[in-house]
Amino acid sequence: MSANAASRLLQHYVDNFRRLPWRSPPGSPPPEPYRVWLSEVMLQQTTVAAVTPRFERFLERWPTIEALAAAPEADVMQEWAGLGYYARARNLIACARAVAAMGGFPASEAELRKLPGIGAYTSAAVAAIAFGEAEVPVDTNVERVVARLHALTDKSAVPAFAKAMMPEGRPGDFAQAMMDLGASICRPRAPLCTQCPLAADCRAFALGTPEAFPTPKPKTIRPQRYGIAWWIERDGLVWLVRRPAKGMLGGMAALPGPDWQDEPVTANAIAWVTHVFTHFALDLTIVPVAEPCGEGWWQPIDRLSEAGLPTLYRRAAEAALAGMTALAA
DNA sequence: AATGCGTGGAC
DNA sequence: TGTCCAAGCAT
């Protein structure tokens with residue numbers, strides 16, 4: 001890409017700058033590494049709209065990485081509940097503790113990359129945005145922008161092309177400019193090529209088929225699965241458990257119940273919920289049970305929102321309470 | 001290297 | 001409605 005195109009991209013970024021709680025305006029001192037890291041981990045496969053209130057809440061409750069490192073795990077999981085991909089929260093705690101023990105974030109991409117939950121993208125993003133290192137984080141936005149710019153069908157060449165585009169200085173602004181362009185102009189569907197500062201350089205635009213790049217992912221079938229959750233209620237309390245650290249909803253608070261299965265279940269239900277995960281859909285049947293089982297705790301029903309239930313179980317509890325009310329009426 | 005891992009908004 | 005997809009990482 002010509003230096004001219006790079007400067008048009010950066011100018012477009014400045015002109016359309018979107019203030020977000022975790023970033024500083026172009027030209028101002030970079031944000032704290034803690035803020036950059038926390039936001040980047042939250043933003044992994046998650047929208048800005050979903051992240052923004054969570055980021056504010058985390059920062060309010062744990063203003064420094066030392067504070068986060070000292071937090072009980074259950075408190076962090078509770079604040080993460082509903083945000084999804086819960087391995088991120090487990091890695092967040094491990095990373096915070098490692099960094100606190102080191103006395104602060106390492107400033108290089110290579111050292112950041114070794115920390116839990118920090119992969120190729122996040123290490124480059126933190127290095128560029130917080131430390132001004134000349135790295136280009138390649139996320140799906142950058143992948144799409146670069147693939148279209150060069151009409152690439154093979155995405156493996158994207159990182160090299162992306163690095164070749166990077167102008168001298170301002171690596172953090174460049175990274176965010178590329179991502180903002182992908183999110184706002186160079187969108188997956190119906191890209192706004194007439195408004196794009198790179199249109200004159202774009203091979204896919206010249207071909208008239210920007211949406212053909214990069215090659216769309218093949219669609220996968222979503223199996224249907226089935227499960228039971230037990231509703232164990234006594235004196236305004238409900239029995240909750242913590243799920244195993246690995247696997248679905250790992251480490252999260254939950255209603256107790258047997259493992260989910262591939263065949264429909266029959267039971268004396270008070271409520272049902274259906275929930276769609278990435279790789280399967282779940283029909284969950286909620287069944288009243290008298291006695292608590294296994295390890296767990298009694299959660300006051302009027303403080304259920306403080307339990308940190310992931311969305312599946314939050315909705316299951318809502319459905320159960322509605323079902324019990326209907327039953328009593 | 002292919003797969004498992006959440007959720008909600010846009011269309 | 002269903003389908004796509006989001007500032008990916010770990011294994």
Side-chain angles (χ1 to χ4, degrees), chain A residues 13 18 20-23 31 35-55 77 80-92 94-95 112-130 135-145 155-156 159 162 172-184 186-191 211 214 216-225 243-252 254 260 273-282 284 308-315:
Chain A
Y13 173 66
R18 224 172 86 175
L20 295 170
W22 50 84
R23 69 182 184 189
R35 296 175 73 96
V36 179
W37 163 75
L38 181 60
S39 63
E40 291 295 345
V41 173
M42 284 186 168
L43 285 162
Q44 289 166 7
Q45 297 288 282
T46 308
T47 58
V48 168
V51 165
T52 300
R54 300 309 186 107
F55 176 83
M77 302 310 280
W80 198 278
L83 202 52
Y85 284 150
Y86 299 101
R88 292 183 297 169
R90 302 193 298 271
N91 286 329
L92 191 82
C95 186
L112 288 161
R113 181 74 178 76
K114 298 175 183 172
L115 292 163
I118 298 187
Y121 165 78
T122 304
S123 60
V126 175
I129 296 168
E135 299 286 341
V136 185
V138 178
D139 72 332
T140 58
N141 289 305
V142 176
E143 211 163 59
R144 188 169 56 252
V145 168
K155 293 191 290 190
S156 64
D173 286 346
F174 177 71
Q176 291 172 92
M178 290 284 279
M179 291 190 281
D180 279 16
L181 189 76
S184 61
C186 196
R187 308 182 298 196
R189 285 171 294 187
E211 292 187 39
K217 298 171 210 167
K219 63 173 92 170
T220 59
I221 55 136
R222 203 193 311 270
Q224 181 69 53
R225 304 196 69 198
R243 291 177 62 85
K246 292 184 186 301
M248 285 293 298
L249 310 177
M252 300 303 292
W260 305 333
V273 294
T274 64
H275 194 74
V276 179
F277 295 108
T278 303
H279 291 283
F280 62 94
L282 181 70
L284 189 67
L309 292 173
T311 299
L312 167 69
Y313 288 110
R314 179 178 59 73
R315 291 179 42 204

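- Residues Tyr85(A) and Thr278(A) have side chains in contact (heavy-atom distance under 4.5 Å, counting atoms from C-beta outward).
- Put simply, the side chain of Val276(A) reaches to within 4.5 Å of the side chain of Arg222(A), judged on heavy atoms.
- Listed candidates were dA10(C), dT7(B), dG8(C). Nearest to the side chain of Arg113(A) is dA10(C).
- Protein atom CZ of Arg189(A) is 7 Å distant from nucleotide atom C1' of dT3(C), rounded to whole Å.
- Residue His275(A) places its side chain closer to dT7(B) than to any other of dG8(C), dC4(C), dT7(B).
- Nucleotide dA10(C) holds its C1' atom 18 Å from the NZ atom of Lys114(A), rounded to whole Å.
- Comparing dG6(B), dC4(C), dG8(C) against the side chain of Thr122(A) picks out dG8(C) as the nearest.
- The residue among His279(A) and Ala49(A) whose nearest nucleotide of DNA chain B lies closer to the 5′ end is His279(A).
- Leu83(A) comes within contact range of at least one nucleobase, with a heavy-atom separation under 4.0 Å.
- For Asn91(A), the listed nucleotide lying nearest its side chain is dA10(C); candidates were dG6(B), dG4(B), dA10(C).
- Residue-level contact check: Pro310(A) touches the backbone only, with heavy atoms under 4.0 Å from sugar-phosphate atoms and none from bases.
- Residue Gln45(A) has a polar side-chain atom (N or O) positioned under 4.0 Å from OP1 or OP2 of dG8(C).
- Contact annotation for Gly82(A): backbone-only contact, meaning every heavy-atom pair under 4.0 Å involves sugar-phosphate atoms and none involves a base.
- Here the separation of dA7(C) from dA2(B), taken at their C1' atoms, is 23 Å to the nearest Å.
- The side chain of Lys219(A) contributes an N or O atom lying less than 4.0 Å from OP1 or OP2 of dC4(C).
- Taking atom C1' on both nucleotides, dA6(C) is separated from dG6(B) by 12 Å, rounded to a whole Å.
- For Thr46(A) and Arg88(A), the side-chain atoms include at least one donor-acceptor pair closer than 3.5 Å.
- In this structure, Leu181(A) places its CG atom 12 Å from P of dA7(C), rounding to the nearest Å.
- Counting any heavy atom pair closer than 4.0 Å across all strands shown, Thr140(A) reaches sugar-phosphate atoms only and no base atom.
- Closest contact between the side chain of Leu20(A) and the listed nucleotides dG4(B), dT7(B), dA7(C) involves dA7(C).
- Across all strands shown, Pro116(A) has heavy atoms under 4.0 Å from sugar-phosphate atoms exclusively, and none from any base.
- Here the side chains of Thr140(A) and Tyr121(A) are not in contact, with every heavy-atom distance at 4.5 Å or above.
- Val276(A) comes within contact range of at least one nucleobase, with a heavy-atom separation under 4.0 Å.
- Taking atom CG of residue Leu312(A) and atom P of nucleotide dG8(B), one finds them 11 Å apart after rounding to whole Å.
- The distance between atom CD1 of Ile221(A) and atom P of dC4(C), rounded to the nearest whole Å, is 13 Å.
- Among the heavy atoms of the strands, none lies under 4.0 Å from Trp80(A).
- Between Met178(A) and Leu181(A) the shortest side-chain heavy-atom distance does not fall below 4.5 Å.
- Checked against dG8(C), dT7(B), dA6(C), the side chain of Arg144(A) finds its nearest nucleotide in dA6(C).
- With hydrogens and angles ignored, no donor-acceptor pair closer than 3.5 Å exists between the side chain of Tyr121(A) and the base of dG8(C).
- If you check every strand for non-hydrogen atoms under 4.0 Å, Met179(A) touches a base.
- For Thr46(A) and dG6(B), a side-chain-to-base donor-acceptor distance below 3.5 Å is present, hydrogens and geometry of angles not being considered.
- Not one side-chain nitrogen or oxygen of Thr47(A) sits closer than 4.0 Å to the OP1 or OP2 atom of dG8(B).
- Counting only distance, with no hydrogens or angles, the side chain of Arg54(A) and the backbone of Ala81(A) share a donor-acceptor pair below 3.5 Å.
- Counting heavy atoms from C-beta on, the side chains of Leu20(A) and Phe55(A) never come closer than 4.5 Å.
- Contact annotation: Tyr86(A) reaches the phosphate of dT7(B) (side-chain N/O to OP1 or OP2, under 4.0 Å).
- Using a 4.0 Å heavy-atom cutoff across all strands shown, Ala120(A) reaches sugar-phosphate atoms only and no base atom.
- In the set dG6(B), dA7(C), dA6(C), the nucleotide with an atom closest to the side chain of Pro188(A) is dA6(C).
- Among dG8(C), dA7(C), dT7(B), the nucleotide with an atom closest to any side-chain atom of Leu43(A) is dA7(C).
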